[in-house]
Amino acid sequence: MKKVLPLKFFKAPVLKVAESLVGKYLVRKSRGKEIALMITEVEAYDGCNDLACHARHGKTKRNEVMFGEAGHFYVYFTYGMHWMLNIVTGPKDYPAAVLIRGVEGIEGPGRLTKKLKIDKKLNGKTASKKSGLWFEDRGVAVRLKRTSRIGVNYAGAWAKKPYRFVIQ
DNA sequence: GCAGTGATCATA
DNA sequence: ATGATCACTGCC
């Protein structure tokens with residue numbers, strides 16, 4: 001069973017999308033080659049009140065995609081060398097996204113984007129075959145584990161929220 | 001443990 | 001214009 005996840009899938013609340021995205025496949029088509037990898041680790045970033053979320057200080061040029069329609073990619077550059085891949089969720093004008101932190105065989109959000117050649121060209125694009133990057137449900141069931149998020153110690157109480165989902 | 005790296009954003 | 005910050009990685 002191979003089913004491309006429709007944009008509707010991402011309109012649900014971010015925690016629900018994050019949870020159900022683990023065990024699904026991230027598929028990248030680049031230069032005619034298709035690579036499908038199971039997602040093993042994600043994190044949820046939920047709205048302006050989430051002190052770890054980029055949207056905590058309101059809309060800016062960088063994060064405006066998060067305020068848009070669900071099912072679009074939010075890709076940004078950080079630490080002078082790494083691209084981060086997120087998928088926008090929830091209703092329009094509600095800034096929330098799921099960070100894809102790892103897939104099978106590629107541990108770490110920065111490595112993942114490097115291996116799959118993901119950069120700002122995908123920012124704002126939709127998750128579909130047309131953009132060359134999309135998600136598929138291949139009918140795999142997995143056991144999950146919830147933990148607090150990585151690299152957000154500055155976020156006070158929000159740093160402790162169990163918004164990270166990893167495969168067990 | 002921590003240096004490297006540069007876009008982004010707030011402040012002026 | 002300047003300076004602090006950063007959803008990380010790789011090497012020590």
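The figures here come from the full heavy-atom set of this structure, side chains too, leaving out hydrogens, waters and symmetry mates.
The aromatic rings of A:Y163 and A:W158 lie perpendicular to each other, with more than 60° between the two planes, well past the 30° mark. Relative ring orientation between A:W83 and A:F77 is described as tilted, the plane-to-plane angle lying within the 30° to 60° band.
At the heavy-atom level, A:R101 lies under 4.0 Å from the strands shown only through sugar-phosphate atoms. The residue A:T60 sits close only to the backbone: its heavy atoms come under 4.0 Å of sugar-phosphate atoms, none of a base.
Rounded to an integer number of Å, the gap from NZ of A:K59 to P of B:dC9 is 13 Å. Regarding A:W83, its CH2 atom lies at a distance of 11 Å from the C1' atom of B:dG6, rounded to whole Å. Put simply, CZ on A:R62 is 10 Å from P on C:dC6, counting in whole angstrom units. To the nearest angstrom, C1' of C:dC11 lies 12 Å from CE of A:M81. If you measure from atom CE of A:M84 to atom C1' of B:dA7, you get 13 Å, rounded to the nearest angstrom. If you measure from atom CZ of A:R164 to atom P of C:dA7, you get 16 Å, rounded to the nearest angstrom.
Side-chain proximity of A:K61 to C:dT9, C:dC6, B:dC9: nearest is B:dC9.
Ring centroids of A:F135 and A:F9 are separated by 6.0 Å or more, keeping the two rings apart.
For A:F77 and B:dA7, the ring-to-base geometry does not satisfy the stacking test (centroid distance below 5.5 Å, interplanar angle below 30°).
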